[in-house]
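To keep things clear, I will list the structure first and then write my remarks on it.
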Protein chains: 2
Amino acid sequence: MSSSALSSQKEIRILIADDHPVVREGLVTILALQKDLKVVGQARDGEEACLLYDQLSPDVLILDLRMPKKDGQQVVSELMSREPRPRIIVLTNSAKAEDLRRSLTAGAKGYLLKGAEPRQVWETIREVFAGKSSLPHDIAAQLAESMAQPQLSQRELQVLRQMAFGKSNKEIAQILYISEHTVKNHVKVIFKKLNAIGRTEAMAIATQRGLIDSGAC
Amino acid sequence: MSSSALSSQKEIRILIADDHPVVREGLVTILALQKDLKVVGQARDGEEACLLYDQLSPDVLILDLRMPKKDGQQVVSELMSREPRPRIIVLTNSAKAEDLRRSLTAGAKGYLLKGAEPRQVWETIREVFAGKSSLPHDIAAQLAESMAQPQLSQRELQVLRQMAFGKSNKEIAQILYISEHTVKNHVKVIFKKLNAIGRTEAMAIATQRGLIDSGAC
DNA sequence: CACAAACCGATCCTTTCGGATAGCTCTTAC
DNA sequence: GTAAGAGCTATCCGAAAGGATCGGTTTGTG
C-alpha cells in the first residue's frame, strides 16, 4: 500500500496544466494524499504552462492535451528544448492512438487517462521522475497496435482533409496543384493504409482515429 | 460572491456519478467549499448510480454521460420514472449538440461541461435544486442551433451507419430489405439534412456530431 | 550504392453516385 | 379531414469513383 523507496528524501515538485478546474482540483486533492508529491503550480492553458514551467522548474509536468491558446502537443515540443529535459506526463481523456503516438514522439514520458485510479497516477509520477517511461498496460497495448498500422504521409493527410469537405478528386487536384490521377493514387493509398473499402468508410475511420480536425470532443 | 438566499435552511444533498476518480475528487473538493452543498455519495458507473440514487434519494444527481455498464442517457431515462422526479445535472466533456439534445429530452435539468468554473457548478446545482432548468449561455446557444437543424429519422440513421462501413447503396438495400432506389432516396434526404454535398462529407459531419457510434472518445 | 517510400503522372474500364422528378402508403398532428 | 412527414418504389442519365497496372523523380536510410 505504501510507496516505494525511490529517492524519497526529496519531494517531487509537480506542475499541473489543465483547462478544467474540476480536474485540477481533483489532481491536487489526489496528489496531496502522498507526502512525497507536491503540487507547486497550476496552469489554465498552454501559454501559462510554458511560463510557469520556466518560473518554477518543476520535476514533473502533468499536461492535458486539449487546452486553449496552445495545445498540449505544442507545449511538449516547445519545452523539450529546455535543459534539463523536462519530464512530462500527458493526462487526457482521449484514448485515441493518434494522440498517444504524437505525444510520445513529441517527447512525453508518460500517458495517463483521466479515468486512471489515484494509485496509478502516483506511480506514474514516481516512475517518470525516476527517469523511466511509464505507460499503463492498456495504453501500451494500444500503442503497439497503433505503431503496427501504417501512418499517413503529410500529403495523404491533406488529401484526406479535402475529402472530408466532400471535395471530388478533380477539386482536390486543383486545390493542391496536382493532377487528378495523382489524387486518385493518394486516395488509393489512403484506403489501403486505413483498411477502408471506399472514401466513405475511410472518413469514418479517419475521424474516429482523430486524423481529422475534430475541434471539440 | 456569496450565494443567493434560496432556501438556504437545508443543505442540498448531492450524488456524484462519474467513472473518473480525478473528476470525482475534484467535484467533491469544489463542492465542499460551499456549506449548503453536501456530497452524500459517489458512483463509479451507471448501475451504481441507480442503486445509490434509490438508497440515498439525493436532492441532485450529477451525472457523467460516458460510463461503464450503463451510460448516462440510460440512467436518466431509468431514473425519470421515480417519484419525486429526480433533478439531474449532466456533467460531461462533450460539447456535442447531439449529447446535449438527448440528455435534455431524456429529462436532465442541467448540462455542464467539465471545463466549467466552480461558481458555475455551484449555481447550476442551486438552480436545478430550486426546480429550474439551467444551461450555461454557451451551451444554450448550441442547443438552439441544434434544434434548428433537422434531425435524422431512425431509418436514415440506419442507412447512415451502414454507409459508415463503406457499404454501397445496393448493399444497404439488401441489408435493410428495401429497394436500392429507396436507399438512394434516404441518402439524398440525409445529405439535405446534414447539409452535405456527398456521402464522404456526410460521414465527416455525422461522426463529428456524434451520430455514429464512436465508442471511445 | 541500393532500396524503400513519398510524391507525381497516366490509361482503361466497370461500377456506383447522385440529381431531377414522380407516385405510393401509413401514421401523427392540427 | 387534411396536411405533413416518414418510409417505400421507380426511371433516366451524366459525372464521379475506384480497381488494375504502369512508370517517373526525389529523398532518406541501411
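Every value quoted in this text rests on a predicted model; they were computed, and no experiment measured them. Values below: every heavy atom of this structure, side chains too, minus hydrogens, waters and symmetry copies. Each chain gets a letter, A, B and so on, in the order the sequences are listed, and its residues count up from 1.
Separating the CD atom of Glu156(B) from the C1' atom of dG5(D) is a distance of 10 Å, rounded to the nearest angstrom. Counting to the nearest Å, the C1' atom of dC26(C) and the CZ atom of Arg155(B) are 15 Å from each other. A straight line from CD of Glu171(A) to C1' of dA17(D) spans 13 Å, rounded to a whole angstrom. One can place CD of Gln154(A) at 15 Å from P of dG28(D), the figure rounded to the nearest angstrom. Distance, Gln174(B) CD to dT9(D) P: 13 Å, rounded to whole Å. Going from atom CG of Leu176(A) over to atom P of dC7(C) covers 11 Å, rounded to whole Å. Regarding Leu160(A), its CG atom lies at a distance of 13 Å from the P atom of dC7(C), rounded to whole Å. Rounded to a whole Å, the CD atom of Glu201(B) is 16 Å from the P atom of dA16(D).
The shortest heavy-atom contact between Lys114(B) and Asp64(B) is NZ-OD2, 3.4 Å.
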Checklist line | Intermediate values then yes/no, salt bridge (charged side-chain N to carboxylate O under 4.0 Å, His left out), Arg82(A) and Asp54(A) | finding: CA-CA 9 Å; Arg82(A) 304 292 193 278; Asp54(A) 287 332; 2.8 Å; yes
Next item on the list: Might you work through the salt bridge (charged side-chain N to carboxylate O under 4.0 Å, His left out) test for Glu201(B) and Lys167(A), ending with a clear yes or no?
Entry: CA-CA 8 Å; Glu201(B) 193 189 14; Lys167(A) 303 293 185 190; over 6 Å; no
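For the pair Ile88(B)/Lys109(B), no side-chain contact is recorded, criterion being any heavy-atom separation below 4.5 Å from C-beta on.
A donor-acceptor contact closer than 3.5 angstrom is absent between the side chains of Gln158(B) and Arg161(B).
With respect to the salt-bridge test (charged N to carboxylate O, under 4.0 angstrom), the residues Glu78(B) and Lys70(B) qualify.
Phosphate contact (OP1/OP2 of dG7(D), side-chain N/O of His186(B), threshold under 4.0 Å): absent.
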Check: How does protein reach along nucleotides 9-19 of chain C, written 5' to 3' as B (base within reach of a heavy atom under 4.0 Å), S (only sugar-phosphate), or - (no contact)?
Finding: BBB----SBBS
